[in-house]
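Data block below; observations after.
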Amino acid sequence: MSYKDSLNLPKTEFPMKANLTELEPRLLRKWEQMNINEKIMEKRKGNDTFILHDGPPYANGHIHLGTTFNKILKDFIVKYKNIRGYNTPYVPGWDCHGMPIEHNVTKNLGEKAKTIDKLILRKKCRYYAEKFVKIQREEFKDLGIFGYWESPYITMSNEYEGTIIEHFGKLVEKGFIHRGKRPVHWCSKCQTALAGNEIEYEDKKAPSIFVKLKLVNEDKSLLIWTTTPWTLPANVAAAFHPKEKYVELDTDFGIIIVADKLKKFVIDSIKTKKADVISVREAEYYNGEEYEHPIFSDKKCKVILADFVTMETGSGIVHSAPGHGYDDYQAGLKHDLEIISPVDEGGKFTDYVKQYEGQFVFNANKNILNDLQEKGTLVFSEEIIHSYPICWRCKSELIFRATEQWFLDINHNDLRKKILDEINKVKWIPGWSRDRIYNMVTERPDWCLSRQRSWGVPIPVVYCKECGEEVLDKNFIFKIRDLVFEHGADIWFEKDVSELTKGMKCSKCGNASFEKEEDIFDVWFDSAISHAAVVQKRKELKWPSDLYLEAVDQHRGWFQVALIVSTATEGEAPYREVLTHGLILDKNMKKMSKSLGNVINPKEIAKKTGAEIIRLWVSSIDYTSDQAFREDSLKTPKDVYFRIRNSFKYILGNLNDFEYSKDAVKLEDMMDIDKYILARLDILKEKLFNYYDEYQFHKVLRDFHNFCSNELSSFYFDILKDRLYTYGKTSQDRRSGQTAIFIIMNDLLKLISPILPFTAEETYSYFNMGKKEESVHLEVIDSNINRFKNEQLEHDWQILIKLKDKVNIALENLRNSNTIGKSLEAKILLFTDNKELKNLFENYSEFLKELFIVSNVDVLESPLGKDPIKMKNPNCLIYTEKAEGNKCARCWIISKTVGKNEKYPDLCNRCIDVVK
RNA sequence: GGGCCUAUAGCUCAGUUGGUUAGAGCGCACGCCUGAUAAGCGUGAGGUGGUUGGUUCAACUCCAACUAGGCCCA
């Protein structure tokens, strides 16, 4: 007969199949309805805070795998700190101004863009940004991320824009802001500066010329090569590479100086018959040497040393015009060179260059060549075709032209040094991240704050119409700030300048009419002040933040700009810790980009597998290095997920008749194996707490999964089954096991809830734990990790488990010889000469067969004649046999007691007691 | 070209201050179970440690160069 009904088999509604794509929306709705964030904040009020300040993603397009990765990592930390009881307000934010949005909006406008009113364009940009803030917000929420989604920070809000202006005022007040020249890509047809992604490249014809620059004191010349003769009037220096050797050559064109490595190239290019090497010298020898200006003969210029000089082509000596080249500009700053840019907005020479005044630079090339020729300094000239930057809109060739810009002086008031000091106070994770930003700050130039664009926060400065004097006045700026707080930054463009400057007079000439600055702030300035606009202003937050967490590109970006502004205005860093993660690349470790067509949409994946699996994937990898995402990247996380889920299901099923308050067994009354597994639970908790605290999520997941898989499923649960199923329902031993798995469930749920918030919530709803919160995320995990630790048990069980592994090998041999199928058909015989092990066998004499899941275990007095499996240290011989007796119809154990009882002829004694 | 990073089994990761046969999970192969069953258990096969040199009695671990890839500059 069947005794199945008399068993306590697991029973639960908790579905084996997760069906995450159905579960997740359901729980999201639940959280939305109960307003989970508000509830959590209410519950944690007054507790220690942990502030993770969100770096704002750009409100352009849908979220991608990188932003998904980043937000999930942040959520791990916020949810972990929360379950540990911290008050962790998380305010997500968006970066809303800037070129990419303006560019997209302008592109959509087509021809109309050229004539559109600035205010209307700004309005369209605002709609555009709003649209994507909404889209991204829903996409982030779908990933199970908690936070102030209903009141995020957006950099285009009145309050935020006002704070940007306020901080500009603070910087002005402290003397960090100055005006200076800087070369930018300039379209002389559109008469506007262009940003990086507005520049296209096309093959264009250009002159390629070698020109002699005569040394002042000697009858020798430097030889330079250029493809932009029109920049020669702006020449201020000749750059040598500091680490290269230079040779003096006696040629058909006189004695010329070129880089040793390029002499052959030069000789071939200029077609000189004579080329005798007179000397070879280090670049340093020529440093500071004076030469005659190529255009203005009475002007003297100097040789400088600069790293950017290449040995790929040319002569190894670069004609340097800081007003017309970025390298030159950088070198110019370093060597304090004059920044000359004698070219007007239309690309025509100004009166600085009398002989070419009014000529369009590209047309002037010809005349310049002629003049050089006449002078005899033009050594060689030809036409080449090379890739040249052109305007994305009108396709005309761009020039590099120095323009007036606003700068933040990185060296004012020792700022650079202070920033470096602050860097040393911050904890950078991983450690090398400190070196990276330290080197960057050491090298970086002044920060150019101004952009010649429309969509951004205006720079609140006016110029005197009469004398051109700039009014950089904190009182004026703060007045504008107040207007912006009230009306938004559009007010700057809406109001007439006379209204804005009412009552003001030029401090220089006394005139009262002004002109508005039309430039806006670099968007990095927007996000740089989030620590002030958000962390300082929101009452639920606390400055400085505990943590910033962004990808590795933010050392140049957000980490750095925030640090600069904060150090300049507050005197210290806005964060205590900075965590950097790598980037998500495609399967070939290549960057994902639209043009390569290898972009993976997280929404698509989530639709198929659920966000939970993406979260598990995020937690499974070491984020400190870049990660490849492949189609099968989610395969392992899926398997891991099902294993974890099944462990939960097993526990829930076996607790269906258990009520902790009534049925729990006291620790001292529990069976040793139950005490042991609880000791292991404490050890697991201790490790996971440490890993979480160090933000090492892949170690959290690894150990959590190993616990579920090794310690629970294949070891503890497998052994426990017999007891849970066949023992008397209310027997102490069965209740002991249930008590253990109850405690395990209670901790595991909370331990994994930061990584698997949906599954933890689902499991929690099936978990009968008496008094419950509305959500698992309102719970706090017991921080005590020394409840069950027991060194003696740990020691003993280490040996027993080692023995079980050996027994498994013995059983496998028996199976392979077709003697048994399942282990219950076997009997184990053990022999040991080790005292400690003998003792263990005595203490666990009744338990050994449960441990091995066999029907019988005999401890022998002496070894048997047959071949045993051997264990070393402690020594033990293991023999196997087929168990003797009959199979109990109820518990399936083979026992000699089966058949002895008339009433229950097919049951063993143990089961008869239960069934009775 | 410069600063910083990465490179251990098919995949994701461990490997204490250099010291015996380099570990785990997943996957894979084979087998068992059929009372966690679109589950569970067992056993096993997988690694010239990116490459090449060097230091050392001894290097995955230290040093150098190189290769491939990444970020940020240029």
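Chain letters run A, B, ... following the sequence lines, proteins first, then strands; residues in each count from 1.
Across all strands shown, F717(A) has heavy atoms under 4.0 Å from base atoms, whether or not it also approaches the sugar-phosphate. When heavy atoms are screened at a 4.0 angstrom cut-off, W617(A) is found touching no nucleic acid atom at all. Using a 4.0 Å heavy-atom distance criterion, G653(A) is classed as making no nucleic acid contact. Note on N646(A): a base of the nucleic acid sits closer than 4.0 angstrom, heavy atoms only. Using a 4.0 Å heavy-atom cutoff across all strands shown, L7(A) reaches at least one base atom of the nucleic acid. Across all strands shown, K721(A) has heavy atoms under 4.0 Å from base atoms, whether or not it also approaches the sugar-phosphate. Residue R645(A) is out of contact with every strand shown, counting any heavy-atom pair closer than 4.0 Å. Among the heavy atoms of the strands lying under 4.0 Å from S713(A) is at least one base atom, whether or not backbone atoms are also near. The residue R643(A) sits close only to the backbone: its heavy atoms come under 4.0 Å of sugar-phosphate atoms, none of a base. The residue K4(A) sits close to a base: some heavy atom pair falls under 4.0 Å. Nucleic acid contact class of Q627(A) (heavy atoms, under 4.0 Å, all strands): sugar-phosphate only.
Using a 4.0 Å cut-off, no side-chain N or O of K699(A) falls inside it from OP1 or OP2 of C13(B). For the pair K11(A) and A36(B), the criterion of a side-chain N or O lying under 4.0 Å from OP1 or OP2 is not met. Taking side-chain N and O atoms only, H698(A) has a distance below 4.0 Å to OP1 or OP2 of A14(B).
With both ends at atom C1', the span from G3(B) to U16(B) equals 31 Å, rounded to whole Å. Comparing the C1' positions of C13(B) and G47(B) gives an interatomic distance of 15 Å, to the nearest angstrom. Only the C1' atoms considered, U48(B) is 23 Å distant from G44(B), to the nearest whole Å. G69(B) and C26(B) are spaced 25 Å apart, taking the C1' atom of each and rounding to whole Å. Rounded to the nearest Å, the gap between the C1' atom of U34(B) and that of G25(B) is 26 Å. Separating the P atom of C73(B) from that of C28(B) is a span of 44 Å, rounded to the nearest Å.
In G46(B) the O4'-C1'-N dihedral to the base is within 90° of 0, which defines a syn nucleotide.
The side chain of K17(A) approaches A38(B) more closely than any other nucleotide in the set C13(B), A38(B), U6(B).
Checking A29(B) for Watson-Crick or G-U wobble geometry (two distances, each under 3.5 Å) identifies U43(B) as its partner. Shown here, U56(B) forms no base pair; nothing in the strands shown gives a Watson-Crick or G-U wobble contact with both key distances under 3.5 Å.
Ring geometry, W428(A) versus H555(A): the interplanar angle falls from 30° to 60°, so the pair is classed tilted. Using a 30° and 60° split on the angle between ring planes, Y548(A) and F559(A) fall in the tilted class, from 30° to 60°. Ring planes of F697(A) and F76(A): perpendicular class, angle over 60° (limits at 30 and 60°).
Atom CG in D626(A) sits roughly 12 Å away from atom C1' in A7(B) (whole-Å rounding). What separates OH of Y725(A) from P of A39(B) is a distance of 15 Å, to the nearest Å. C26(B) atom P lies 12 Å from atom CG of L701(A), rounded to whole Å. Rounded to an integer number of Å, the gap from CD1 of I621(A) to C1' of A7(B) is 16 Å. The nearest whole Å value for the distance from the CE atom in M16(A) to the P atom in G35(B) is 13 Å. For the pair R556(A) CZ and C72(B) P, the computed distance is 10 Å after rounding to whole Å. Whole-Å rounding puts the F704(A) CZ to A14(B) P distance at 19 Å. Distance I584(A) CD1 to U6(B) P: 16 Å, rounded to the nearest Å.
C891(A) approaches C888(A) most closely through the heavy-atom pair N-SG, 3.4 Å.
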Can you name the atoms? Protein N/O to nucleotides 62-67 of chain B N/O, anything below 3.5 Å, with the distance.
none

So which protein N/O to nucleotides 21-25 of chain B N/O distances come out below 3.5 Å?
{"from": "A24(B)", "atom 1": "O2'", "to": "N706(A)", "atom 2": "ND2", "distance (Å)": "3.1"}
{"from": "G25(B)", "atom 1": "O4'", "to": "N706(A)", "atom 2": "OD1", "distance (Å)": "3.3"}
{"from": "G25(B)", "atom 1": "O2'", "to": "H705(A)", "atom 2": "ND1", "distance (Å)": "2.9"}

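If you check distances only, the side chain of R436(A) does reach the base of C71(B) with a donor-acceptor pair under 3.5 Å.
Comparing F642(A) and N816(A) by the nucleotide of RNA chain B whose heavy atom lies nearest to each, the residue mapping closer to the 5' end is N816(A). Of the residues near RNA chain B, H241(A) and N818(A), the one whose nearest nucleotide (by heavy atom distance) lies more toward the 5' end is H241(A).
Between F14(A) and F648(A), the ring center distance fails the sub-6.0 Å criterion.
No side-chain donor from either of D733(A) and S731(A) sits under 3.5 Å from a side-chain acceptor of the other.
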